Protein chains: 2
Amino acid sequence: MNIGEAAAASGVSAKMIRHYESIGLLTAAPRSAAGYRHYAGRDVETLRFIRRSRDLGFSLDAISGLLDLWRDRRRASAEVKQMALAHVETLEAKIAELQAMARTLHHLADACHGDDRPDCPILDDLARGGQDEACACHIE
Amino acid sequence: MNIGEAAAASGVSAKMIRHYESIGLLTAAPRSAAGYRHYAGRDVETLRFIRRSRDLGFSLDAISGLLDLWRDRRRASAEVKQMALAHVETLEAKIAELQAMARTLHHLADACHGDDRPDCPILDDLARGGQDEACACHIE
DNA sequence: GGACACCTTCCCAACATGGGAAGGTCAAGG
DNA sequence: CCTTGACCTTCCCATGTTGGGAAGGTGTCC
């Protein structure tokens with residue numbers, strides 16, 4: 001299987017497959033006489049694993065660890081679970097951060113007339129750096 | 001005021017102030033004979049505006065637009081409000097995406113024993129690419 | 001043998017921020 | 001007057017993930 005077919009079968013672009021190989025996430029694929037990379041069914045499985053992990057937001061670094069666990073038949077599932085839960089915490093922290101931003105902007109937008117006059121509580125807040133106003137919704 | 005003082009007063013690092021100048025977000029600061037940048041109170045206000053906008057998640061590109069509106073005394077507040085609400089939508093889309101990931105991972109982690117045995121529904125899901133299982137919680 | 005689709009490597013781009021090197025400047029104090 | 005330490009300058013590089021595109025080689029079909 002050439003890289004293009006492996007890409008189509010796994011959902012990982014050829015560009016990314018080469019990149020993953022270059023950073024050591026994948027072991028170097030065997031080459032044809034002309035230098036074309038060759039992939040087998042197992043490799044596509046690995047690529048799908050990576051693709052799914054990316055879709056779930058894992059970093060390539062974390063994925064490297066997950067791949068190691070996946071390949072290790074003596075792994076403890078506790079390790080995997082711990083990685084998953086640690087990632088959930090990261091996600092939830094990010095979510096909370098974004099929600100705080102959205103909440104503040106919602107408050108500010110609600111206070112803004114949104115007509116053709118220049119007065120604008122949103123710009124006022126930005127100019128004040130978000131300080132010293134009744135409606136100041138602080139981002140931690 | 002030197003760049004270090006402006007940085008301390010605004011919460012924007014000196015490094016970033018120079019960067020913002022280099023990309024045209026800030027107009028070039030006047031220089032002393034020795035080439036040191038000089039800042040006045042107005043500049044610190046602008047920097048605080050930028051800092052607050054970044055804290056609310058606006059891109060530098062969006063901030064450029066916000067600064068233009070801020071400086072334009074004939075602006076319509078509707079324009080500002082529209083930018084704010086558009087950004088809220090972006091934030092909420094990102095939040096929904098992260099929540100879907102977290103939800104899926106939570107489900108998977110719940111199904112995982114988390115002991116010293118190797119069986120692990122999390123790895124199974126990753127290997128399957130998230131397909132074909134009762135608990136498959138699809139990320140769109 | 002030509003056309004076209006594929007492969008290769010290499011460089012550059014985005015996004016925002018920071019690290020660090022090499023060198024110049026300024027103020028305080030011996 | 002000269003040193004010291006804290007500041008400033010510019011320049012290059014790194015992060016993390018993905019993609020675009022150029023220049024050139026390969027493989028296959030007609």
Side-chain angles (χ1 to χ4, degrees), chain A residues 1-26 28-40 43 47 49-67 87 90-91 93-94 97-98 101 139, chain B residues 1-26 28-40 43-44 47-67 87 90-91 93-94 97-98 101 139:
Chain A
M1 213 185 295
N2 281 343
I3 198 171
E5 298 167 87
S10 67
V12 179
S13 73
K15 204 98 187 182
M16 281 302 98
I17 297 176
R18 292 193 197 98
H19 179 59
Y20 294 160
E21 182 182 308
S22 82
I23 62 172
L25 183 62
L26 299 171
R31 306 283 189 120
S32 73
Y36 284 23
R37 289 174 181 81
H38 278 178
Y39 297 91
D43 303 314
L47 288 170
F49 185 102
I50 294 173
R51 173 65 206 266
R52 172 67 170 166
S53 302
R54 288 293 301 137
D55 286 348
L56 289 174
F58 285 102
S59 69
L60 294 185
D61 207 54
I63 294 174
S64 178
L66 290 170
L67 280 173
H87 183 45
T90 305
L91 288 171
K94 189 76 192 162
E97 196 185 331
L98 298 181
M101 293 176 187
I139 307 288
Chain B
M1 213 185 295
N2 280 342
I3 197 171
E5 298 167 85
S10 66
V12 178
S13 73
K15 204 97 188 181
M16 281 301 99
I17 296 176
R18 292 191 198 99
H19 179 60
Y20 293 160
E21 183 183 308
S22 83
I23 62 172
L25 183 62
L26 298 172
R31 306 284 188 118
S32 72
Y36 284 23
R37 289 174 181 82
H38 278 177
Y39 297 92
D43 303 315
V44 173
L47 288 170
R48 264 203 284 260
F49 185 102
I50 293 174
R51 175 65 207 267
R52 172 67 169 165
S53 301
R54 288 293 302 137
D55 286 348
L56 288 174
F58 285 102
S59 69
L60 293 185
D61 207 55
I63 294 173
S64 177
L66 290 170
L67 280 173
H87 182 45
T90 304
L91 289 171
K94 189 76 192 163
E97 197 185 332
L98 298 182
M101 293 176 187
I139 307 288

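Naming: A, B, ... by sequence-line order, numbering from 1 per chain. Keep in mind the model is a prediction, meaning the values are calculated, not measured.
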Q: Could you check how far NE2 of A/His38 sits from P of C/dC7, rounded to whole Å?
A: 10 Å
Q: Could you work out, with salt bridge (charged side-chain N to carboxylate O under 4.0 Å, His left out) as the rule, every residue matching B/Arg51, not counting sequence neighbours?
A: B/Asp55
Q: Can you tell me which residue pairs pass the salt bridge (charged side-chain N to carboxylate O under 4.0 Å, His left out) test with a partner in residues 5-16 of chain B, sequence neighbours excluded?
A: none
Q: For B/His87 and B/Ala62, indicate whether the former's side chain and the latter's backbone hold a donor-acceptor pair under 3.5 Å.
A: no
Q: Please name the pair of heavy atoms, one in A/Leu60 and one in A/Ile23, separated by the smallest distance, quoted to 0.1 Å.
A: CD1-CD1, 3.9 Å
Q: What integer distance in Å separates A/Leu60:CG from D/dG19:P?
A: 12 Å
Q: Counting side-chain heavy atoms from CB outward, which of C/dT17, D/dT10, D/dT17 is closest to A/Arg54?
A: D/dT17
Q: Can you check the B/His19 NE2 to D/dC13 P distance for me, whole Å?
A: 17 Å
Q: Mind listing the closest non-hydrogen atom pair of B/Phe49 and B/Leu67 along with its distance?
A: CD2-CD2, 3.4 Å
Q: Locate the shortest heavy-atom distance separating A/Ala14 from A/Ala7; write the atom from each residue and the value.
A: N-CB, 3.6 Å
Q: Provide a list of protein-nucleic acid N or O atom pairs under 3.5 angstrom, restricted to nucleotides 1-5 of chain D.
A:
none

Q: So A/Arg37, base contact, sugar-phosphate only, or nothing? Heavy-atom distance under 4.0 Å.
A: sugar-phosphate
Q: Along nucleotides 22-30 of chain D, 5' to 3', which nucleotides get a B, which get an S, and which get a -, given that the test is a protein heavy-atom distance under 4.0 Å?
A: ---BBS---
Q: How close or far is atom C1' of C/dC6 from atom CZ of A/Arg18, stated in whole angstroms?
A: 10 Å
Q: Please enumerate all residues that pass salt bridge (charged side-chain N to carboxylate O under 4.0 Å, His left out) together with A/Glu21, with sequence neighbours excluded.
A: A/Arg31, A/Arg37
Q: Indicate yes or no: at least one non-hydrogen side-chain atom of A/Asp43 is less than 4.5 angstrom from one of A/Leu26.
A: no
Q: When the distance from CG of B/Leu47 to P of C/dA16 is rounded to whole Å, what number comes out?
A: 16 Å
Q: Reckon A/Tyr20 has a side-chain N or O less than 4.0 Å from the OP1 or OP2 of D/dT18?
A: yes
Q: Establish, with yes or no, whether the OP1 or OP2 oxygen of D/dT10 is under 4.0 angstrom from a side-chain nitrogen or oxygen of B/Arg31.
A: yes
Q: Identify the heavy atoms of A/Ser10 and A/Leu47 that sit nearest to each other, and give their distance.
A: CB-CB, 3.4 Å
Q: How long is the line joining CE of B/Met16 and C1' of D/dT10, in whole Å?
A: 15 Å
Q: Measuring from A/Leu25:CG to A/Ile50:CD1, what's the distance to the nearest 0.5 Å?
A: 4.0 Å
Q: How close do A/Ser53 and A/Leu66 get, heavy atom to heavy atom, and via which atoms?
A: OG-CD1, 4.3 Å
Q: Have a look at B/Phe58 and say if it touches a base, only the backbone sugar-phosphate, or nothing, with a 4.0 Å heavy-atom cut-off.
A: nothing
Q: From CZ of B/Arg51 over to P of C/dA16, roughly how many Å is that when rounded to an integer?
A: 15 Å
Q: At less than 4.0 Å, is any side-chain N or O atom of B/Ser13 found next to OP1 or OP2 of C/dT17? Yes or no.
A: no
Q: Find the distance A/Glu21:CD to D/dT17:C1' and express it as a whole number of Å.
A: 17 Å
Q: So which atom in A/Arg54 and which in A/Ile63 form the shortest heavy-atom distance, rounded to 0.1 Å?
A: CD-CD1, 3.5 Å
Q: Of all of residues 2-11 of chain B, which get a heavy atom below 4.0 angstrom from DNA chain D, listed by number?
A: B/Asn2, B/Ile3, B/Gly4
